[in-house]
Amino acid sequence: MSARIPAKSGDTQIFCVLFNPAYGTLAGCPAALYLTIMTPTLRKNLCASALLLAFAAPATYSQTTSTQSSNAANDGADVASVVVIGSRFPSTPDLPPIGAQVITAADIRNAGVDNVNEAIRKLGGVYGRQNFYGTQDYDLDMNGFGSDSDNNLVVVVDGVRISESEQAVAVLSQIPIDSVDRIEIMHGGSSVLYGDGATGGVIQVITKRLGPTPLTGSVTLEAGQFHDYGGRAFLAQGGDNYNVSLNLSDQRSDNYRVNNAVTQKNASGTVTWFGSDFRFGLRVDIAHQDAGFAGALSTLQEFDQNPKQSLTPYDNGSIDINRYTAFIEKTMGSWQAAAELSTRERTAQSDFVSEQSTSTYTGHQTEFTPRLRNITNIDGLHNEFVAGLDLMNWNRQTDSSFSLAYATQQSHALYFRDEVKVGDARFAAGARREIFDKSSSDPIAYSTDNYNVEQGVNAWEMQASYAFLPVVDGFVNVGQSYRVANVDDNAYTATANTPLLPQLSHDLEVGTTLGNANEQLTARLFRHDITDEIYYNPLLNNGYGANANLDPTRREGVALDGKVQLSQQFKLTAQVQHNEATFTAGVNDGKDMVLVPKNTASAHLNWLSGNGQSAYVGGQWVDTQRYGGDFTNSCSAVIPSHATLDGRYAVTVSAWEFALAGSNLTNKQYFTNAYGACMSGIYPDDGRQIKATVRYSF
């Protein structure tokens, strides 16, 4: 059997190996699929996208916009304005981050979204691809990075990086949705501030910060198709110098496919002490997930006959993640200091009954992120200087029939960034140096992942913006970002026991923002020229495949984000993006990369009646893309395009809210993930799902 279907996380690495048992290691676990662009086509699609967005009268999320909701009175943690964390500190009014998108707690409530990953996809317009588990933690793809997209963006929760040091998607479903104050999306290379893997962009989740408040909270119950049941509770209380919050949730669903039942249990609590010039706190996050692995369908015919079926009806696994964090912030005149100390324990278990194989991956990670900021204003010149350290220690023990590897990774980084505003002009520059010490030792005789290596990488960026008019702002960002091979990338390379080189990307973004908080359009052109791209190459190793550094590649495109307040009751938002991904040199020069839709579009209409009623309708369209194993572009077929429609209606009566929501209302049969060479290795997406919700707020 072929090893061309790659695993995306530690507990699915077996899946890859089982397709190539002769190698006994991570033969099928890829590193990255990276994308390129054909400039003439880009120009053509830029015009088409602009016309489409103009016709739809959309707009972007503003980084300083107030968001009103009919439910805001019951949501004690909603804030009147949004403060973006652009420089790893709350932004000052004079220096909001350039081109950031913000999804507020009110946006999430009005759309009836109950999962952070879903909010990013449906409200932020970020393309998502169904993962191997079939859970709600879709692989998120910013700027078109294909099957390795999750390793080319960084996810941060309250300053703590939750992106994994292995081929595992960040488990956003562990974040209680009722604890979220806002989600910030920053596109493009951001390695200066956020380090490894921040080429596609950064997603920051900021939880609610409460001051002195009486006991407040909410209880939510949900029930839907496929035996979908869930309950959530949020409680908070605070005094003059402290507050305490608690979140509990339990979600269970049989899901759309056979053997795809998922149970997700989360608990988190935060205690914070604060004063006029300091904030200190402790946070605990505990999450447990059990899931059946429905697996891939072998052929397109099987999908057409019955997309719900499973060829692996007994495979299953679980993930346990416990995270403990201490944080502190202190203001000293014009200086601000902040730091987080976090430790995470992650255990992933899997039982592939279909292949008679089990495994356990036990990982530990500790992060320490101290940083300083200085803000000065002299004669009309506003300056912000940020500097900091990122220190991380990670290790993982594998216990399976094919590997007993013990792997470690230590990294330490120093970075700085300075931004100046003079009149209507802003200029920023920054740099980062990071050193990685990586090792792996596996006593199994046929192991191919024994190594000890030190790698150093640099990142830099320069940014500028100018307000030509109060409603017209232009910006340009240029820099270098990077990604280093993780433990799974290095587990099976083209040359045994030889880790891959770091991946470097030269990034360019040019854009403009037109309009005000109520009517706004942002357009940006982006390009990433990548060398030594880390990617699973199915053509290596006599067709069995291996992780490798590719010949130079490129991804470039155009993205349009818009919003318009049609009336006091109606608000329309939309996003359109065109991506092109190709090799720019080598034997595959000019060929398309795989699993990258050339075009995506989404639009959302919100209605707030003012008398307790609200409604939401949203649609997404995804263009065709090449199958994951079609490295040579020889398959005559492509993954079909698809469009889905979601909706929600809610009515609020006093402290109660009753809602009915539906996703994929047209019951579209489609798939976004297919790793076979041609019309095979298909992971079907969900059909129609209807859910009823009752919420009580106090």
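Computed from a predicted structure; not experimentally measured.
- For the residue pair H506/D529, the side-chain donor-acceptor check at 3.5 Å is not satisfied.
- Counting only distance, with no hydrogens or angles, the side chain of E164 and the backbone of E166 share no donor-acceptor pair below 3.5 Å.
- The aromatic ring centroids of Y675 and Y536 lie 6.0 Å or more from each other.
- If you check the side chains of H187 and Q101, you find a donor sitting under 3.5 Å from an acceptor.
- Paired with D646 under the rule salt bridge (Lys or Arg N to Asp or Glu O under 4.0 Å), one option of R688, K122, K691, K668 passes, and it is K122.
- A donor and an acceptor atom, one from each side chain of T522 and T513, are located under 3.5 Å apart.
- The distance from atom CH2 of W607 to atom OH of Y649, rounded to the nearest 0.5 Å, is 6.0 Å.
- Applying the side-chain contact (heavy atoms from CB on, under 4.5 Å) rule to S636 yields no partners; only residues at least two apart in sequence or on another chain are considered.
- Side-chain polar atoms of N110 and S614 form no donor-acceptor pair below 3.5 angstrom.
- For residues 616-636, the salt bridge (Lys or Arg N to Asp or Glu O under 4.0 Å) pairs, not counting sequence neighbours, are D592-R626, R626-D630.
- Checking Q575 against Y127 by side-chain atom types alone, no donor-acceptor pair falls below 3.5 Å.
- Separation of atoms CD (E118) and OG (S663) is listed at 6.5 Å; rounding is to 0.5 Å.
- Relative ring orientation between F671 and Y627 is described as tilted, the plane-to-plane angle lying within the 30° to 60° band.
- A side chain to side chain contact (heavy atoms under 4.5 Å, CB included) with I183 is found for one member of T104, V116, V102 and no other, namely V116.
- In the model, Q264 has no side-chain atom that pairs as donor or acceptor with a side-chain atom of Q251 under 3.5 Å.
- Using cut-offs of 30° and 60° for the angle between ring planes, the Y616 and H604 rings count as parallel.
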